[in-house]
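First up is the structure itself, then whatever we jot down about it.
Predicted, not measured: the structure shown is a model, and the values here were computed from it. These values consider heavy atoms only, across backbone and side chains, with no hydrogens, waters or symmetry-generated copies.
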Amino acid sequence: MTVCCLLDSILSIWYATAMESTGKPNDPLGRFALSIFWINGLLLRTGDRLTRSIGQSSARWQVLGRVGYQPQTVAQIARDMGHARQSVQRVADVLAKEGLVVYQDNPANRRAPLLELTPHGAEMLRTISSLNEEWARHIMTKLNPEQLDAVADALEEIAHILEADEQQTSQQETRKKDISQNNW
């Protein structure tokens with residue numbers, strides 16, 4: 001389960017009991033989760049706005065960015081981004097059809113090809129990065145860089161805690177499953 005999905009589950013469980021009459025959660029984790037979802041939505045809409053003029057979207061940008069970093073399987077991209085594999089597969093297939101990425105043999109797994117940027121895809125990613133840099137310069141005139149660094153550090157710490165909890169929960173579920181299968 002990804003951090004986003006884990007937060008979604010936590011929020012769903014606590015939402016009904018944590019809400020005040022104002023409609024906002026009164027617990028720190030609920031407020032945190034809603035803030036993350038709000039910022040995520042704003043960033044995705046900004047990405048869509050930035051890339052619309054060149055026929056792209058935030059979803060396409062995310063996939064191009066992941067494989068621009070290094071070739072990856074669709075499953076790896078989906079897991080890292082917190083999306084369903086099928087939705088990433090659809091985006092990857094469209095990008096491949098448009099010549100922005102190609103599927104390459106994966107020496108580690110023949111059934112899971114690696115997605116890799118083409119030269120045209122690399123140029124598109126550079127164009128998107130340029131558009132993003134222009135927006136970032138503009139938005140940074142309104143933000144405090146030190147505060148952003150502190151928030152990023154805090155988010156990374158929270159992510160590590162959530163990842164550890166996710167792994168521990170997964171191990172416990174596996175043990176329970178193993179015990180119940182052995183009891184039959």
Side-chain angles (χ1 to χ4, degrees), residues 1-16 18 24-25 27-52 56-96 98 100-101 103-104 106 108-109 111-117 121 124-125 128-129 131-132 135-136 139 143 148-174 177:
M1 185 179 285
T2 64
V3 172
C4 184
C5 293
L6 181 62
L7 285 175
D8 187 40
S9 297
I10 292 168
L11 180 61
S12 297
I13 292 167
W14 288 345
Y15 186 77
K24 293 181 181 178
D27 67 294
L29 191 56
R31 285 188 61 225
F32 167 78
L34 281 181
S35 297
I36 293 293
F37 296 148
W38 181 21
I39 290 170
N40 183 60
L42 290 166
L43 289 172
L44 290 173
R45 287 192 302 274
T46 298
D48 286 341
R49 183 175 45 80
L50 290 175
T51 60
R52 186 177 303 122
Q56 300 303 310
S57 67
S58 288
R60 290 165 166 242
W61 180 7
Q62 288 178 55
V63 173
L64 288 170
R66 295 299 304 182
V67 298
Y69 172 68
Q70 72 180 33
Q72 297 180 41
T73 66
V74 166
Q76 288 171 318
I77 296 167
R79 186 174 43 255
D80 291 347
M81 291 176 26
H83 295 303
R85 189 197 59 75
Q86 295 84 349
S87 64
V88 174
Q89 185 69 62
R90 283 191 293 274
V91 171
D93 289 345
V94 170
L95 292 172
E98 293 176 359
L100 298 170
V101 298
Y103 289 101
Q104 298 289 346
N106 181 354
N109 184 344
R111 294 179 12 205
L114 293 170
L115 200 59
E116 190 173 318
L117 281 183
M124 181 63 70
L125 187 56
I128 292 170
S129 294
L131 293 169
N132 183 58
W135 174 77
I139 204 68
L143 297 172
L148 284 178
D149 279 338
V151 169
D153 290 343
L155 287 173
E156 289 172 8
E157 184 178 334
I158 292 167
H160 291 299
I161 292 167
L162 293 174
E163 271 183 338
D165 182 70
E166 176 186 29
Q167 290 171 353
Q168 181 183 11
T169 302
S170 177
Q171 290 169 352
Q172 289 170 346
E173 289 171 355
T174 300
K177 186 178 176 182

Exercise. With side chains defined as the heavy atoms from C-beta onward, is the minimum distance between Leu95 and Gln56 less than 4.5 Å?
Worked result: yes

Exercise. Can you check side-chain contact (heavy atoms from CB on, under 4.5 Å) on Gln72 and Arg79, steps first, answer last?
Worked result: CA-CA 11 Å; Gln72 297 180 41; Arg79 186 174 43 255; over 6 Å; no

Problem set entry | Distance (rounded to the nearest 0.5 Å) between Glu173 CD and Gln168 CD | 11.0 Å

For this session: Would you mind reporting whether Asn109 and Thr73 have side-chain heavy atoms less than 4.5 Å apart?
Result: no

For this session: Tell me, please, which residues at least two apart from Tyr69 pass side chain to side chain donor-acceptor pair (under 3.5 Å).
Result: none

Seminar exercise, completed: Nearest heavy-atom approach of Ala92 to Leu115 is CB-CD2, 3.6 Å

Exercise. Has Glu157 got more than 12 heavy atoms of other residues, nucleotides or ligands less than 6.0 Å from its CD?
Worked result: no

Exercise. To the nearest 0.5 Å, what is the distance between CZ (Arg45) and CG (Leu42)?
Worked result: 4.5 Å

Exercise. Distance from Glu116 atom CD to Asn106 atom CG, nearest 0.5 Å?
Worked result: 11.0 Å

Exercise. Is there a side-chain contact between Gln70 and Gln76, using heavy atoms and a 4.5 Å cut-off?
Worked result: no

Seminar exercise, completed: Taken to the nearest 0.5 Å, the spacing of Asp153 CG from Leu148 CG works out to 11.0 Å

Problem set entry | Evaluation steps, side-chain contact (heavy atoms from CB on, under 4.5 Å), between His83 and Gln62 | CA-CA 11 Å; His83 295 303; Gln62 288 178 55; 3.3 Å; yes

Problem set entry | Any side-chain heavy-atom pair of Val67 and Leu125 under 4.5 Å | no

Exercise. Just wondering, do Arg90 and Asp93 contact through their side chains at under 4.5 Å, heavy atoms?
Worked result: no

Exercise. So do the side chains of Leu114 and Tyr103 get within less than 4.5 Å of each other, counting heavy atoms only?
Worked result: no

Exercise. Yes or no on side-chain contact (heavy atoms from CB on, under 4.5 Å) for Met124 and Leu64, after CA distance, side-chain angles and deciding distance?
Worked result: CA-CA 9 Å; Met124 181 63 70; Leu64 288 170; 4.1 Å; yes

Exercise. Hey, what do you get for CD (Gln86) to CD (Gln89), rounding to the nearest 0.5 Å?
Worked result: 8.5 Å

Exercise. In Å and rounded to the nearest 0.5 Å, what is the CG to CD1 distance from Leu29 to Ile158?
Worked result: 8.5 Å

Problem set entry | Arg31 atom CZ: more than 12 heavy-atom contacts under 6.0 Å | no

For this session: Apply the side-chain contact (heavy atoms from CB on, under 4.5 Å) test between Trp61 and each candidate in Val91, Leu44, Asn132; give the one that qualifies.
Result: Asn132

Exercise. Any idea which heavy atoms bring Leu117 and Gly68 closest together, and the distance?
Worked result: CD1-CA, 3.4 Å

For this session: Given side-chain contact (heavy atoms from CB on, under 4.5 Å), test Thr46 with Leu50 step by step and report yes or no.
Result: CA-CA 6 Å; Thr46 298; Leu50 290 175; 4.0 Å; yes

Exercise. Who passes side chain to side chain donor-acceptor pair (under 3.5 Å) against Asp48, sequence neighbours left out?
Worked result: Ser58

